[in-house]
Amino acid sequence: MRRSTGLLLVSVLGLSATACGSSNPATPSAGAGGGAKAVTITVACQPAKSAPKERQAWDDDVATFMKAHPGVTVKSTDQQPCFDPKTFGPKLAGGQMETVFVVPVTNYNDVIGQGQALDITQYTSTIKNWNDLRPDVREMVTKDGKVYGVPNVHYGVGLVYNRALFTKAGLDPDTPPKTWAEVREAAKKIGALGAGYVGYGEYSGGNTGGWHFTQAIYGRGGSILTPDNKKAAFNSPEGKAVLQNLHDMRWVDNSMGNKLLVGWESLMMAMGSGKVGMMLGAPDVVTDVVTKFKGNVADYGITGFPEAKASLSGGEAFMINPKATPEEAKAGLEWVDFRYNTAGKGRFDFARGKAIGNPVGVPDNAVYGDSATGKAIQADREKNASLPVTNYAPYVQAAATIPPKAEPVHAQELYAILDVVMSGVLSRKDAGVDQLLTDAETKANSMLAAKG
């Protein structure tokens, strides 16, 4: 939702295509990055002050980059999470986005279609390993043969769990649940540890509830929409199974706690507290729980999605503000190349990550896949691993066999509708699963009809 950015998504429908200026491709200039012409760029994603070591690493990278690119000044946006649902839409509509900004996969079509991202086709060679990026993720930022972004994250959902709590509850952390029945039994044992312990955590609002409902129904083989994307398809046996299971864990087993978790941070904070046993999430959840929410680095593991017939896939890309001059655009992509796409540098400086206490070794479904760059990154990750990579072996094995499934069109509007379903089943013991789904189906179909 980066994903964790990708996990915090908002709709940008209705934004003015002219708000950020023309999307016509600029002509590259030798000035950017070469010292011939001074240029200043703004970049998103500076770590928060509450993560001082990560913030210092970022600032060090900025200094290294500027030294290697005389004449280029990098100004960082002090904002976390990197993709903020409270500010993204208004900033985009008002033409206030950074030179380099993050867009989640669900918003690619809207941002590109409304001229809010620069056509960077002629600049892709700036990303030195561009051809090593997975073709399927490159295709997602391409429209009508033109490229509008640099893929940064691609993920599949699994089951994140607290190995320490498994041990404390008498469960084997090396044998995590493979079925929903096993998840339910494990959750009961963890919930029985005492006040404040939650066996299984789930969202109920802020579009994260609907997002997790989508993850769960995909895993059971269901869909959110019909194949033509014209009608809702979630009022189905699979959708009912998702809600009934949550209802029973919440009200029969008392294994889900009694707090409604609305925004992305709420469940992540709870997971970081060491009191939550399991949650759905991609591998980067482990990284964020440790670095942003002070979880114990050795406690977390991730396994495959229970009984998965498919796994929600998603991600994010860096895009360039269409107001950028040719020099700014090229300098912005040089920053993306340095910080996010070079083995051993920036986000892939695993030796530094290990030194500052980051959970190095977590698989992240890198956008480079098994290309030469992807293999080099993975080898360096394993070399500098700060925790047992075996903690994530079940996820790696499962991810290789579970088919990915993309988020639905109009995802954010649908997630908002499905938030009501999730909130209903988790807040009211007498909530009727059938009625919740029927009401949501009616709302979804009305929204889809209005969209045409």
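The chain is numbered in sequence order, starting from 1.
- At least one donor-acceptor pair under 3.5 Å links the side chain of His247 to the backbone N or O of Lys429.
- Partners of Asp434 by salt bridge (charged side-chain N to carboxylate O under 4.0 Å, His left out), not counting sequence neighbours, listed by chain and number: Lys240.
- For the pair Lys146 and Ile112, the minimum side-chain heavy-atom distance is 4.5 Å or more.
- Side chains of Lys451 and Asn229 form no contact here, defined as non-hydrogen atoms less than 4.5 Å apart.
- For Asp228, the CG atom counts as densely surrounded, since its 6.0 Å shell holds more than 12 non-hydrogen atoms of other residues, nucleotides or ligands.
- Ring to ring, Trp264 and Tyr415 are not that close: their centroids are 6.0 angstrom or more apart.
- When all heavy atoms of Met278 and Pro177 are compared, the closest pair comes out as SD-CG, 4.1 Å.
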Test side chain to side chain contact (heavy atoms under 4.5 Å, CB included) on Val367 and Arg134; report intermediate values, then the result. CA-CA 6 Å; Val367 291; Arg134 286 170 44 174; 5.6 Å; no
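- Here the shortest heavy-atom pairing between Val262 and Tyr203 reads O-CD2, 3.9 Å.
- Between Val147 and Trp130, the closest side-chain pair of non-hydrogen atoms falls below 4.5 Å.
- Between Phe318 and Tyr340, the ring planes lie tilted relative to each other; the angle falls in the 30° to 60° range.
- Using modelled atom types, one finds a donor on one side chain and an acceptor on the other under 3.5 Å when comparing Glu98 with Thr77.
- Applying the salt bridge (charged side-chain N to carboxylate O under 4.0 Å, His left out) rule to pairs touching residues 43-59 yields Arg55-Asp78, sequence neighbours excluded.
- Between the side chain of Thr124 and the main chain of Ile120, no donor-acceptor pair closer than 3.5 Å is present.
- Using a 4.5 Å heavy-atom threshold, the side chains of Val160 and Tyr395 count as separate.
- Counting non-hydrogen atoms of other residues, nucleotides and ligands closer than 6.0 Å to NZ of Lys230 gives a total of 12 or fewer.
- Proximity of Leu159 to Phe305: side-chain heavy atoms (C-beta onward) are nowhere separated by under 4.5 Å.
- The heavy-atom pair separating Ala324 from Ala329 by the smallest distance is CB-N, 4.0 Å.
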Starting from the C-alpha separation in whole Å, work towards a yes-or-no answer on side chain to side chain contact (heavy atoms under 4.5 Å, CB included) for Asp174 and Arg163. CA-CA 8 Å; Asp174 293 326; Arg163 293 173 58 88; 2.8 Å; yes
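- A donor-acceptor contact shorter than 3.5 Å is absent between the side chain of Asp299 and the backbone of Asn162.
- For the atom pair Ile417 CD1 and Glu441 CD, the distance stands at 11.0 Å (nearest 0.5 Å).
- Here Arg250 pairs with nothing under the salt bridge (charged side-chain N to carboxylate O under 4.0 Å, His left out) rule; sequence neighbours left out.
- Under the side-chain contact (heavy atoms from CB on, under 4.5 Å) criterion, Ala431 pairs with Arg428, Leu436, not counting sequence neighbours.
- In terms of heavy atoms, Val137 sits closest to Pro151 at O-CG, 3.5 Å.
- A donor-acceptor pair under 3.5 Å is absent between the side-chain atoms of Thr42 and the main chain of Lys75, judged by distance alone.
- The heavy-atom pair separating Phe213 from Val242 by the smallest distance is CD1-CG1, 3.9 Å.
- Smallest separation of non-hydrogen atoms from Val141 and Ala317: CG1-CB, 3.7 Å.
- Among residues at least two apart or in separate chains, ring pair (Phe, Tyr, Trp, His ring centres under 6.0 Å) pairs with a member in residues 158-179 are Tyr161-Phe166.
- Applying the 6.0 Å contact sphere to CE of Met447 captures more than 12 heavy atoms from other residues, nucleotides or ligands.
- Put simply, the side chain of Phe101 does not reach to within 4.5 Å of the side chain of Lys91, judged on heavy atoms.
- In this structure, a donor-acceptor pair under 3.5 Å is present between the side chains of Asp439 and Gln435.
- In this structure, Cys45 and Val102 have side chains that are in contact, with non-hydrogen atoms separated by less than 4.5 Å.
- Applying the side chain to side chain donor-acceptor pair (under 3.5 Å) test to every pair with at least one member in residues 181-199, sequence neighbours left out, gives these pairs: Lys168-Tyr197, Arg184-Asp253, Glu185-Lys188.
- For the pair Val389 and Val396, the minimum side-chain heavy-atom distance is 4.5 Å or more.
- Checking Asn152, Asp61, Asp349 one by one against Arg339, the side-chain hydrogen bond (donor to acceptor under 3.5 Å, both in side chains) holds for a single residue, Asp61.
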Mind running side chain to side chain contact (heavy atoms under 4.5 Å, CB included) on Asn358 and Phe350 for me, showing each step along the way? CA-CA 9 Å; Asn358 285 349; Phe350 298 120; over 6 Å; no
